[in-house]
4 protein chains.
Amino acid sequence: MIRVTIWNEFIHEQQEEAVRALYPDGIHGALASGLRTDDLRFECVTMDDPDQGLSEAVLNRTDVLVYWAHWGHARMEDVNVRRAAECVRNGMGLVVLHSGHYSKLFQTLCGTTCALEWRAVGEKERVWCVAPDHPIAEGVPQTFVVPHSEMYGEPFDIPEDAKPVFMSWFEGGNVFRSGITLKRGFGRIFYFEPGHEKYPIFYQPEVLRVIGNAVRWAAPRYRGVHTTPKVENLEPIRTE
Amino acid sequence: MIRVTIWNEFIHEQQEEAVRALYPDGIHGALASGLRTDDLRFECVTMDDPDQGLSEAVLNRTDVLVYWAHWGHARMEDVNVRRAAECVRNGMGLVVLHSGHYSKLFQTLCGTTCALEWRAVGEKERVWCVAPDHPIAEGVPQTFVVPHSEMYGEPFDIPEDAKPVFMSWFEGGNVFRSGITLKRGFGRIFYFEPGHEKYPIFYQPEVLRVIGNAVRWAAPRYRGVHTTPKVENLEPIRTE
Amino acid sequence: MIRVTIWNEFIHEQQEEAVRALYPDGIHGALASGLRTDDLRFECVTMDDPDQGLSEAVLNRTDVLVYWAHWGHARMEDVNVRRAAECVRNGMGLVVLHSGHYSKLFQTLCGTTCALEWRAVGEKERVWCVAPDHPIAEGVPQTFVVPHSEMYGEPFDIPEDAKPVFMSWFEGGNVFRSGITLKRGFGRIFYFEPGHEKYPIFYQPEVLRVIGNAVRWAAPRYRGVHTTPKVENLEPIRTE
Amino acid sequence: MIRVTIWNEFIHEQQEEAVRALYPDGIHGALASGLRTDDLRFECVTMDDPDQGLSEAVLNRTDVLVYWAHWGHARMEDVNVRRAAECVRNGMGLVVLHSGHYSKLFQTLCGTTCALEWRAVGEKERVWCVAPDHPIAEGVPQTFVVPHSEMYGEPFDIPEDAKPVFMSWFEGGNVFRSGITLKRGFGRIFYFEPGHEKYPIFYQPEVLRVIGNAVRWAAPRYRGVHTTPKVENLEPIRTE
């Protein structure tokens, strides 16, 4: 049983009628519903929860954190971001969605700005799987369309060890590494670009399949802490 | 002319007689002397300087930051660390030495803890060049000895895109990726492990050669900022 | 002075009127003309030359090999391919163009099949620079169009250490990592996708700029051979 | 049930009394015995078998190929090497042992020479796990000794995407990336350095544990072939 915590900042749904209508239970509710299977157990938290949803208690009972954020990036407190980042390095999985690329949490783990170009006009997006043998690609068509999407375009300021699983074509001419995996410490991280709050993207079967696969892929197989211990020599030292 | 700023926290030299005797001008002074050539111009700063030595003024006139830190890691203020990290991502080169692996600056850029094992008994270290064609290896022997060193041992919690240029053998049985390159944004980063303050390591010709090479390798060829601009479509969008 | 050898299989130009009309001096002639600058010295060879153009003599006087191939892949003899691959590992630079992705030479160095999807209908291609600070991107617009191109699409079976410098958008909906760098031994390799023989792509200033930059980037800074020598111990061995 | 084929060139055991005494059933027999568990099914082949042990029939019933080779590298026929390499790219796992680093098979898949330094005097080797969370490291001590080993030392000419899981310290002063993972097409590859035929290394529990873990890690989760199909456009093309 994989314990999945879906963290959604939950600002748009509360401030924009159109988004609330689209996601009456919040993006987090839609994800929990859409991803529901016997092997996944869900908990939803938002920025309004204690420690902005990233409390020690919540993180301690989280195997994989799914993270959607947008307008609230600047309001995230360093102490909460650091706590979550440390959990990832200690083994907790992380699946970052859409505008979460610019979250302090994802930037902290990448070490880069994760900057990109964008355009929110609802253009068509075509997602391609570039690593068909990757577990995250299982059961996902070689290519699928997000009929209305927010364009995220290259250049994408991510580290060189970010491996592409999906790449996207946008009607307006842009391209993007839309699904990338990363490892930080013992934690597996997957970033997936589709997910603009104005469109029913989190109801799309292919999108849900990718996120579900990513959750299973990111689930910890190993947990540990990184320490800097003083150690004894195991081979003789003759140097004075 | 490459403008090199040597940042040294300058705590040991002021608190420990043995270190002061070894480095009367501070580690920074020794490095500036040892690296002095016609194409490098040096400025030295310490933690005692304004903004802990990482002020906007200093960083703006820095092409490559050389960074030695140890006891002062926790005292570095986030605002100063972030300013320096942003400069690296914008193109400033960074050469991190020895205990600087655990500095907030290096950890911030790596996104990992940079943890390792250690032992300070003055054992022998043998450094091997594993990438003889790398510019940082130019003029450096295939292998050289640091007669008395502080052991840093694997596992070293660094990102997968850290490429080894040097690897070390320690008399007490440990091994370590002792020279690694990394890229963050437009900035080139090199970490070099030898440099324990109790030994005359920064007077060693091979060590100085490596650091000098690293400074030249890390010097910016491109400077820019990472923004997330809204852009117009370059291809027609027919989707409503 | 960088000694550039342009290797073109020279089959299309001799067999297809349309291609001959477009490239009366062969693709190699057009490249040599288009890339001509004071710091580059060109030699052109084709499959019809001794040792299929990859003779010891030619390779010994080559700093960077530029390689365009298509129909002749299967006819390349292993001995010639191996000679060229060894030169790359020993430091010779390699710039592989378009259909050269499926050459024995490129496959040998990658270790992968370098397979991809394709469509030759002359659709529009938009090339994006995803690494603006890369030397190969110098003076190249952030994005440019190849008005008529042959689509090469993902998935592209290349090794994980292939770093993207350019990515392309194709009118028909595909995406592709259209400019990638790779290192094999001491040799720098760049693969660039645009260059279908039926279109005047090698007269396009942006394309020529990329290839010229790639030649300079790939020029050897170090040459060596890889041997497996038996060596003496440098530290005492007490084990019986 | 993972079908493991152990390929051993089987030259040393037949030509050297000391090796035959140590491995009366051949290195392959010792490995099959040592690795035997309920979930692994073994088949052993040698260079003396049809198609040098790498026949279509054998490969078709192989999930993971374990490969020990040394003196016979030059005698391996290209057609057999290519068949095996293709199977790896199509998903078959590969575990290469010791002197197999210089096999045509491993070189073909790496695209590099895989050259290194060596010394066969039976010195002590200390293996370190540098990726404790890796599946191949499961149940393996953080460090263990091979009492008598053949030294393999850096520089090791392997591709940049080879990720270290183990690194070794040798009594005579050398270091080496002694356990590395690589991906080629759909195939997972692990190279493990300990295994000189003159010592009982393949009876060592830690060594057997690593190899057993590697077999399970490398077992195919996906099989496919890499083709270069001509495809139809999925988005409208308006270009003439």
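Note that these values count all heavy atoms, side chains included, but never hydrogens, waters or copies made by symmetry.
Chain C forms the most heavy-atom pairs under 4.5 Å with one residue out of D:M151, D:E117, D:Q107, and that residue is D:E117. Counting heavy-atom pairs under 4.5 Å between each of D:A115, D:G173, D:P229 and chain C puts D:P229 at the top.
Enclosure of atom CZ in D:R75 is not indicated, since only 12 or fewer non-hydrogen atoms of other residues, nucleotides or ligands lie within 6.0 angstrom. Within 6.0 Å of CD on D:Q142 lie more than 12 heavy atoms contributed by other residues, nucleotides or ligands.
For a residue to count as touching a neighbouring chain, one of its non-hydrogen atoms must lie under 4.5 Å from one of that chain's; by this rule C:K183 touches chain D with the side chain only. Only the side chain of C:Y102 comes within contact range of chain D, judged by heavy atoms closer than 4.5 Å. Of the atoms belonging to C:T108, it is backbone heavy atoms, and not side-chain ones, that fall under 4.5 Å from chain D. Contact of C:P155 with chain D is not made at all, since no heavy-atom distance falls under 4.5 Å.
Listed by sequence position, D:K230, D:V231, D:E232, D:N233, D:L234, D:E235, D:P236, D:I237, D:R238, D:T239, D:E240 are the residues of residues 230-240 of chain D in contact with chain C, using a 4.5 angstrom heavy-atom cutoff. Residues of residues 78-99 of chain D lying within less than 4.5 angstrom of chain C, judged on heavy atoms, are D:D78, D:R82, D:R89 in numerical order.
With rounding to the nearest 0.5 angstrom, the OG1 atom of D:T112 is 6.5 Å from the CZ atom of C:R184. To the nearest 0.5 Å, atoms CD (D:E160) and CG (C:D161) are separated by 6.0 Å.
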